[in-house]
Amino acid sequence: MQNLLHNLNPEQLAAVTLPPQNALILAGAGSGKTRVLTTRIAWLIQTGQVSPAGVLAVTFTNKAAKEMLARLSAMLPINTRGMWVGTFHGLCNRLLRTHYRDAALPQTFQILDSQDQLSVIKRLLKANNVDDEKYPAKNLMYFINNNKDQGLRAKDVDAYDATERKMVELYDLYDEQCQREGVVDFAELLLRTYELLSRNQPLREHYQLRFRHILVDEFQDTNDLQYKWLKLMSGHGSAAGGALFAVGDDDQSIYAFRGANVGNMSAFEREFQVKNLIKLEQNYRSHGHILDAANMLISNNSRRLGKNLRTDAGHGEQVRVYEASSDLQEAQWIIEESKSLINEGTSRSEIAVLYRSNAQSRVIEHALFSAGIPYHVYGGLRYFQRAEVKHAIAYLQLMDNPHNDSAFLRVVNFPARGIGARTIEQLQGAAEQYGISLYAAVPYMVGKAGTSLGGFVKMVEGMRFETQQMALPELVRIVLDGSGLLQHYQGEKEGADRVENLEQMVSAATQFVSEEGYGQGAPAHLGPQAQAQAGNAIVSADGVEIIDADAPLATVMSPLSAFLSHASLEAGDNQAQAGQEALQLMTVHSAKGLEFDNVFITGLEEGLFPHESSSKEDGGVEEERRLMYVAITRARQRLYMCFSQTRMLHGQTRYNMKSRFFDELPEESLKWLSPKVQSHWFANKKSAWDEAPLAGSDNAIARQIAQKSSGGSGWRIGESVAHAKFGEGVIVNLEGSGSNCRAQINFGNVGMKVLDLSVAKLDRLPR
DNA sequence: GCACCGAACTTTTTT
DNA sequence: AGTTCGGTGC
């Protein structure tokens with residue numbers, strides 16, 4: 001135990017050893033949050049305050065859950081496999097598999113990822129002849145998820161106009177359809193579990209009594225339903241129930257757009273009467289100038305819980321700021337600086353290039369490619385999202401649950417086997433008529449359509465029979481082969497990668513089987529007899545037998561079902577391919593939780609960062625500021641910031657002002673690399689472009705713009721101006737000439753204005 | 001059933 | 001600008 005608590009600072013120690021009461025830990029960036037969380041669990045177990053089975057630890061990502069488990073096994077001499085450490089969705093899946101009957105789900109229910117969900121909705125809209133102009137599938141999906149994330153079923157949603165009523169109706173139809181097909185979407189996993197436990201008192205009390213300690217990571221990212229879920233699990237407001245230990249950072253809340261509610265932190269503090277609020281403000285990551293920048297920036301936000309990071313490391317280097325004339329030049333600068341870092345011996349993987357939006361990566365990638373510097377971009381398609389892999393998964397899904405219409409439709413004619421749209425239409429008609437799945441409707445089809453569809457069903461049945469006693473990896477191999485997928489891609493010109501991805505699925509299955517504790521030889525299809533083996537059967541007061549979801553998943557679901565869940569819930573690694581000697585390119589969002597010695601924050605321009613769409617939502621700019629805070633606090637030693645006067649976006653050149661965030665950083669922590677222009681500067685020079693530091697090919701572009709733009713009016717596109725009413729802006733376009741000249745000016749958050757230059761009073765501004 | 005062309009989109013993303 | 005999606009035409 002000495003070892004466990006060794007090296008903790010006073011605040012960390014206090015948090016780890018808190019009495020078994022509700023607690024809120026405000027953990028700043030780089031303050032050892034994960035360490036506190038895992039040490040808390042280890043300490044509770046080691047001091048005998050709780051058994052491993054009495055702990056529930058919830059995270060948002062699989063990565064975080066895995067890391068927590070890894071650290072726990074390093075700290076404790078116990079097998080962590082059976083412990084309840086996982087994502088909200090993973091834990092709900094486990095509960096629903098165990099209590100599938102009570103939750104009114106088929107044992108082999110399948111999980112829709114976002115892609116699948118969208119295609120279910122598209123199908124629904126088509127089947128109901130809904131005008132998809134008026135009700136785009138994406139909107140409906142957003143509507144449904146949004147409501148589920150708040151714990152609202154269709155019947156609970158208040159509709160105020162005809163459009164909303166229609167949406168509610170479609171929401172209801174959607175749920176019915178999912179139920180018919182035996183599929184659940186991500187939000188449904190949570191909502192279904194929530195409803196199950198709300199409704200079923202013995203079950204609820206069982207888990208409430210069981211989990212003495214519930215610990216939540218990244219609490220600021222919880223949505224309303226997750227908060228309700230935690231309330232329920234922790235038995236809030238009832239006699240039973242354990243202590244909720246929430247760790248989070250309100251300043252790093254950057255997921256409001258997907259339903260996260262920072263307000264949950266203060267709500268928790270209030271509703272759970274939190275007496276133990278501990279702030280972890282000692283930062284172990286960044287040098288002083290970097291922290292000063294972060295602290296001052298975030299102090300511009302209101303409604304904070306309040307926190308200031310400090311470090312024992314020295315000031316370190318100032319933040320280097322660079323103004324480029326174009327996005328190309330910005331990229332060029334990043335490359336020059338990276339090169340010199342690399343020459344100093346910096347590992348390429350310790351250089352991160354962050355941007356607000358994915359579109360920005362292209363220019364940077366291009367420049368890196370030309371310069372021959374290896375790089376890695378995060379955020380592409382993940383393994384289980386690739387089309388060929390999804391096809392294979394669909395075949396596997398059909399073998400486990402043939403009534404999954406999405407899976408059926410996805411592969412019924414892939415590879416092509418002569419089943420066309422006409423046939424499918426007929427089949428859908430029959431299925432609707434009898435209220436059954438497409439698969440079940442096949443026998444009702446006659447003629448040629450019946451034959452081809454029958455052939456498909458026979459193939460699926462054949463594979464199912466053939467693989468009955470097989471272990472999962474073998475089963476996967478048979479399906480890849482028997483479905484004709486492998487052959488299909490082998491015969492394709494560009495199919496080599498896809499074949500490789502398919503082959504990889506066999507090893508993914510092998511790895512899954514060994515990691516999840518399924519005996520290598522265990523048949524992939526495991527019947528309900530597994531149910532009987534489930535451990536800890538308990539009997540509730542009213543005599544209902546409850547099987548605790550305690551036993552390893554292997555006893556409540558077959559390897560195949562488990563593998564399919566895994567494929568939906570864990571789309572595959574996209575993060576951290578450790579040891580890769582390459583520059584790391586990613587959005588600021590995906591950088592959260594990571595750290596690097598050297599960080600570039602790029603595209604710091606009004607409209608990009610903060611993003612223009614953020615000014616329309618209330619609290620939008622504050623969220624952008626938190627995003628900037630996250631970006632800054634990723635850096636350990638060196639931080640670079642840059643912005644560009646011009647940028648190619650959506651096919652046209654845009655002229656932006658530098659980000660307002662620069663005005664919110666401490667002057668003394670910044671080092672401006674581009675000459676900081678004095679106010680009299682513009683009086684002497686006719687154009688900023690003449691003297692701006694330009695590199696290489698960019699010179700020409702900049703001059704072109706400069707020439708094209710002055711047009712005799714004395715003003716220039718790209719020039720910064722000030723207007724008495726609208727404030728600061730940038731000239732985006734000039735039209736007309738002489739006394740008839742008008743300028744289109746981007747006034748940032750005020751918006752775009754067209755002003756007559758003979759009338760408007762404008763002042764030139766130095767950049 | 002497949003290939004090609006044009007239109008429409010383009011903040012951030014995990015499960 | 002670049003991609004992706006859906007529709008049309010063969």
Side-chain angles (χ1 to χ4, degrees), chain A residues 58-65 86-93 111-119 122 126 132-133 136-138 142 145 148-149 184-191 217-218 221-223 225-226 253-260 327 354-363 365-366 378-382 384-385 387 413-424 452 565-575 586-593 603 607-617 620 623-624 626-628 630-631 647-654:
Chain A
V58 197
T59 64
F60 277 86
T61 65
N62 294 297
K63 194 180 160 208
T87 62
F88 278 104
H89 297 85
L91 295 166
C92 287
N93 182 39
I111 301 166
L112 302 174
D113 66 20
S114 326
Q115 278 177 45
D116 303 331
Q117 189 187 16
L118 191 63
S119 62
K122 282 183 179 163
K126 213 166 254 172
D132 55 359
E133 296 271 284
K138 282 227 173 82
Y142 178 81
N145 289 341
K148 286 194 183 185
D149 283 345
V184 299
D185 58 53
F186 287 134
E188 183 72 24
L189 281 171
L190 273 127
L191 185 50
D217 192 16
E218 307 276 19
D221 288 338
T222 50
N223 64 33
L225 178 57
Q226 285 158 341
S253 162
I254 56 174
Y255 286 114
F257 70 92
R258 64 178 198 214
D327 45 357
L354 311 184
Y355 33 82
R356 172 68 240 268
S357 64
N358 286 304
Q360 288 167 254
S361 78
R362 171 166 282 104
V363 177
E365 282 184 67
H366 184 79
Y378 290 87
L381 257 198
R382 331 265 284 280
F384 282 110
Q385 293 172 342
N413 195 36
F414 193 95
R417 43 177 78 89
I419 300 173
R422 187 89 202 91
T423 303
I424 296 300
S452 53
S565 296
H566 169 80
S568 305
L569 291 177
E570 199 166 345
D573 270 356
N574 209 2
Q575 297 248 314
M586 65 193 84
T587 63
V588 181
H589 279 93
S590 37
K592 189 173 164 222
L608 236 200
F609 200 178
H611 197 276
E612 56 195 347
S613 52
S614 71
S615 57
K616 296 179 194 93
E617 300 145 31
E623 174 129 334
E624 295 286 306
R626 291 193 290 269
L627 194 54
M628 181 67 183
V630 168
R647 183 175 297 277
M648 198 64 149
L649 197 64
H650 307 329
Q652 48 186 342
T653 310
R654 304 194 6 156

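Labels below follow one simple rule: chain letters A, B, ... track the order of the sequence lines, proteins then strands, and each chain is numbered from 1.
In this structure, the CD atom of E570(A) is 16 Å from the C1' atom of dT13(B), given to the nearest Å. Rounded to whole angstrom, the span from the CZ atom of F88(A) across to the C1' atom of dT14(B) amounts to 12 Å. Following rounding to the nearest Å, N145(A) (CG) and dT14(B) (P) show an atom-to-atom distance of 15 Å. Residue I254(A) contributes atom CD1, which lies 11 Å from atom P of dT14(B) at whole-angstrom precision. For H589(A) and dT11(B), the NE2 to C1' distance is 8 Å, given to the nearest whole Å. For I111(A) and dT14(B), the CD1 to P distance is 17 Å, given to the nearest whole Å. To the nearest angstrom, C1' of dT11(B) lies 15 Å from CZ of R626(A). Between the OH atom of Y142(A) and the P atom of dT12(B) there is a distance of 15 Å, given to the nearest Å.
Looking at E188(A) and L112(A), their side chains never come closer than 4.5 Å, going by heavy atoms from C-beta outward. Contact of the Y255(A) side chain with the H589(A) side chain is registered, since non-hydrogen atoms from C-beta on lie closer than 4.5 Å.
Contacts of D185(A) with the nucleic acid, taken as non-hydrogen atoms under 4.0 Å apart, are absent. Nucleic acid contact class of I419(A) (heavy atoms, under 4.0 Å, all strands): sugar-phosphate only. Within the nucleic acid shown, Y255(A) comes within 4.0 Å of sugar-phosphate atoms alone, with no base atom in reach, counting heavy atoms only. At a threshold of 4.0 angstrom between heavy atoms, the contacts of N62(A) are confined to the sugar-phosphate backbone, with no base atom among them. Across all strands shown, Q385(A) has no heavy atoms under 4.0 Å from either base or sugar-phosphate atoms. Across all strands, S114(A) comes closer than 4.0 Å to base atoms (heavy-atom distances).
Using modelled atom types, no side-chain atom of Q226(A) and backbone atom of F88(A) make a donor-acceptor pair closer than 3.5 Å.
Side-chain atoms of T61(A) lie closest to dT15(B) of the nucleotides dT15(B), dT13(B), dT11(B). Distance from the side chain of T587(A) is smallest to dT12(B) among dT12(B), dG1(B), dT15(B). Taking only side-chain atoms of H611(A), from C-beta outward, the nucleotide of dT15(B), dT11(B), dG1(B) with the closest atom is dT11(B). When each of dG1(B), dT15(B), dT11(B) is scored by its nearest atom to the side-chain atoms of R356(A), the top-ranked nucleotide is dT11(B).
For dT12(B), the OP1/OP2 oxygens have a side-chain nitrogen or oxygen of N358(A) closer than 4.0 Å. Between R382(A) and dT15(B) there is a side-chain polar atom (N or O) within less than 4.0 angstrom of OP1 or OP2. Applying the 4.0 Å criterion to OP1 and OP2 of dT15(B), one finds that R258(A) has every side-chain N and O outside that range.
With rounding to the nearest 0.5 Å, the separation of CD in Q115(A) from OG in S568(A) is 10.5 Å. The line from CG of L608(A) to OG of S614(A) is 11.0 Å long, rounded to the nearest 0.5 Å.
Along DNA chain B, the nucleotide nearest H89(A) and the nucleotide nearest G418(A) are compared for position; the residue whose nucleotide lies closer to the 5' end is G418(A).
Looking at S590(A), its side chain has no donor and acceptor atom pair within 3.5 Å of the base of dT12(B).
Using C1' as the reference atom, dT3(C) and dT14(B) are 24 Å apart when rounded to the nearest Å. With both ends at atom C1', the span from dT12(B) to dC5(C) equals 23 Å, rounded to whole Å.
In this structure, L569(A) and N62(A) approach most closely via the heavy-atom pair O-ND2, 3.1 Å.
Residues D221(A) and K592(A) are paired through a salt bridge, judged by an N-O separation under 4.0 Å between the basic side chain and the carboxylate. Under the 4.0 Å criterion applied to side-chain N and carboxylate O atoms, R362(A) and E365(A) are not assigned as salt-bridge partners.
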Along nucleotides 1-10 of chain C, 5' to 3', which nucleotides get a B, which get an S, and which get a -, given that the test is a protein heavy-atom distance under 4.0 Å?
BS---S----
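By the ring-ring contact (aromatic ring centres under 6.0 Å, His included) test, H611(A) pairs with no residue at all, sequence neighbours left out.
Both thresholds, 5.5 Å between centres and 30° between ring planes, are met by F257(A) relative to the base of dT12(B), so the two rings are stacked.
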